[in-house]
Amino acid sequence: MNNKLLRRSFWILALFSAVSVSNAQSDKGFVVKVNTIKASVQPTMWGVFFEDINMGADGGIYAELVKNRSFEFYNPLMGWTVNQKKFVEGSLLVQNRDEKNIANPRYIHVTVNQGVKGDFGMTNEGFRGMGIKNALRYDFSVMYRMQSSGVKLHVELINSKDESIGDTALVPAVSDNQWHKQGISFIAKATEPKAKMNLWFEGNGIIDLDMISLFPSDTWKNRPGGMRADMIQLLADMKPGFIRFPGGCIVEGHDLAVRYQWKKTIGPVEDRQLIVNRWNTEFSHRLTPDYFQTFGLGFFEYFQLAEDIGAEPLPILNCGMACQFNTAEVVPINQLDPYVQDALDLIEFANGDVTSKWGKIRADMGHPAPFNLKMMGVGNENWGPQYLERLKIFTKAIKEKYPHIKLVNSSGTDPNGERFDYLNGELRRMNADIIDEHYYRRPEWFLENAKRYDNYPRNGSKVFAGEYAAQTDKVVSIDNKNSWQAAISEAAFMTGLERNADVVCMASYAPLFAHIDGWQWTPDLIWVDNLRSYGTPNYQVQKLFSLNKGTDVVPILSGNEAITGQDGIYATACIDKKTGYLILKIINTSASVQQKDIKIEGASKLDSKVKVITLKSELTAVNSFDAPTTVSPVDSEMGLNGKSLKVSLAPYSFSVFKVKMK
Ligand code: AHR
C-alpha cells in the first residue's frame, strides 16, 4: 500500500473515532484526579528487547571488527581472502585440532617461505566493512602456535581505495609449539566506514593462527573486547526498566541443535562455540549467509549490560522446542531434564553464592556479586499443548527451588486467534506469573487497541507486552517504515498500557537494532551503520514514555471516560511520588490543532510553570543517518492558570506536560 493510501486509512479510523464521540464531548475539557490512584506503575514498565537479528550482536553492539575470526563459519574462509603473489601449495591450510568435541576446532596453518609484506597474507572484510575512526587506538590480538621463530605478522588497515590508514607489526614471542595469545595496539590515521584489515606474513617458518581479532578502544566503559559505546548509550539514555535477551526466535533456533544455549556463551571467548544465526537464511528476500553467533557477547555480558544501564535482566530460555515456523522440533519429555537444568543453573549463575558451582564461574569471570535475577522467560512464541506440557515441568522445577523467580510465559505469535485464546486461557488457569503478548500489526490496530487491557482481569497473571511495532505495510515486509505514523500509533497504544499498569507490568518494542547493510527485518527501533547510529521516531516515543514513567496512574477523563481516541486524542496521567510531578501524556492523532482545558483536581498547590516536551511531525517523517533528529523532542514551558491547564495540541503530536505538585 502506498503512503498516501496508508495515511488515508489510518486517519479514516482516527476521524471515525473522533466523529463518533466528538459531538457529545468536543466542548468538554479534561479532568485529572491526582488523589485517585488507579494503579502502581512497575519500575520495569518500559524496557528493551534485545535479539541478535539485523546484525544486532555480531556486526552490531559486539564491537569485534573481524568477521569469522576463528574460521568456524560453515565456509571456513568466509570473510577472508588470501593474497598470495606466488602460489605455493600448502601455504595456507584450514586445519582442525586433534581434540574431539571442542568448541573451537579450526585454525589456519600458514607456511611462510621468504614472505614479504604485501606478497603473502590475508584480508578480512569485516561486517560489511570495518568502521575505523581517525586517531583512535585499535587493539589487535591473535592466538598462535609456532615451532620455531621466524614469522612476523603485519597488521594493516586499508580504506576503500586500498590505501593504508594504520598499521603495526607483531612478532610472536614464544615458539614452543603451544597456543599463546598476543596482542598489539596501534592508532588509525583516518576515518573510514568500510575499511578492511590485511594480515601480511613476513619471514620463514610455520605458524598456526586462530581468534584473529581487532577491537576499537572506545568500547562501552572502555572494556577490552567490549560493546559499541554509541549503541549502548542510546539504550542507557532510555533508562529502560528491563532488558530482555537474547530474543526472540534466536532462543528457539531453526532446530534444536542450533537453539541458544547460554552455557556455551560464557567463559573465555575462544571456548564459546559458534553457531549459525537463525536469521541467516530465514528470509529468501533478505539472505544473510555470513550471519553467525560467535557469542563474544554472551550471557555474562548481557547481565553486565543490564547492570550498567540500570535495567532488570530478563533472560528467555529455550523450553525444549525449536521454532514452530521452521522445524517445530520438540525434545521428548523424557529428555527435557538438561533443558530444565539449564534454567536452574542460570539462576545459580546469576544469583548464586561464589561458593556455588555456577556462582563461582560468574565470580571467576569478574563479577563476584550476584546479578540479582528476579525473572526469567521459558519459551519464546511457542504454542500448543506441547508448549504447556514442557512449561509445566519447567515451572514446577524452578518454583520448587526458586519460588521468588517470576516466570514469563509465551502466548504464541499473535495477540488474538485460536492459538492465543487457548494459551491465554490455559496460562491464566495455571496462574502464570507473566504472559508475554506480541503484536506486529498495522498502525490502525494500535489505535483500535488502546483499550485492549481496560477489561482484562485485574487479578492473576500480569501481561508483558513483549514485542510490538506498528507495521506500515505488513509483517516481514521490507517496505515497513519507522515513520512518525507508526510511532504515534504506538504512542496512542502505550497510553492503554500505562492506564492499565495494574495489568501490564512490562512492555518492549521489537526488534531493537538494525544494521543498514545487514538487516533482515524492519521496522526497528535503532538503526546503525559501521560508525553511526540513530533513534527512530519510535525510539523517541519509547524514550519519552520511559523517562516520564511516574509511579502511580491517576485518572484523566473526558466526561467520565478514559481518553482513548475521542477527537483522535489518547491520554494518560501519572504522578511521580519520588519527584512530586504530575505527568500527562497526550497524543493528538488528528490532523487539526485541538484546544483542551485540563482541570487538575485534588492537588493542594501546583507550581505555576509547566514543563512541556513535544514530539510532532508529518506522518511520513522518518529519522535518518543524515537527519537523525527530524522527529525528536522539543522542550518548552507554559503557565498554569490556577489549577487548570489550557493546552493546544498540535496535529499529529505527542506531548508530555509535567506539573510540579507542592
Ligand atoms: O522481533 C523479531 C521476531 O519477531 C522475534 O524474533 C520473534 O519473537 C517475533 O516473531
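Indexing begins at 1, ligand by ligand and atom by atom, following the structure's order. Since the structure is predicted, the reported quantities are computational estimates derived from the model, not experimental observations.
For ligand 1, the polar-atom distance check finds no N/O of I53 at less than 3.5 Å from any of the ligand's N/O atoms.
Between W279 and W519, the ring center distance fails the sub-6.0 Å criterion. For F303 and F245, the gap between ring centers is short of 6.0 Å.
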Taking only distance into account, with no hydrogens and no angle test, what donor-acceptor pairs under 3.5 Å do side-chain atoms of residues 414-421 form with protein atoms, sequence neighbours excluded?
{"residue": "D414", "atom": "OD1", "partner": "R441", "partner atom": "NH1", "Å": "3.1"}
{"residue": "D414", "atom": "OD1", "partner": "R441", "partner atom": "NH2", "Å": "3.1"}
{"residue": "N416", "atom": "OD1", "partner": "R441", "partner atom": "NH2", "Å": "3.3"}

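Ligand 1 lies within reach of W279, whose nearest heavy atom is under 4.0 Å from it. Within the 4.0 Å heavy-atom cutoff, N380 counts among the residues contacting ligand 1. Between G247 and ligand 1 there is no heavy-atom distance shorter than 4.0 Å. Within the structure, ligand 1 has Y440 among the residues with a heavy atom less than 4.0 angstrom away.
Residues passing the side-chain contact (heavy atoms from CB on, under 4.5 Å) test with V463, sequence neighbours excluded: R428, E437, Y453, Y456, V503, V504.
The E381 neighbourhood of ligand 1 comprises atoms 7 (C), 8 (O), 9 (C), 10 (O), with distances under 4.0 Å to a heavy atom of that residue.
With values rounded to the nearest 0.5 angstrom, R272 atom CZ is found 15.5 Å from K263 atom NZ.
Given atom 6 (O) of ligand 1, the protein heavy atom at minimum distance is E51 OE1, 2.6 Å. Atom 8 (O) of ligand 1 has its closest protein heavy atom at E467 OE2, 2.7 Å.
The environment of NZ in K194 is crowded: more than 12 heavy-atom neighbours from other residues, nucleotides or ligands sit within 6.0 Å.
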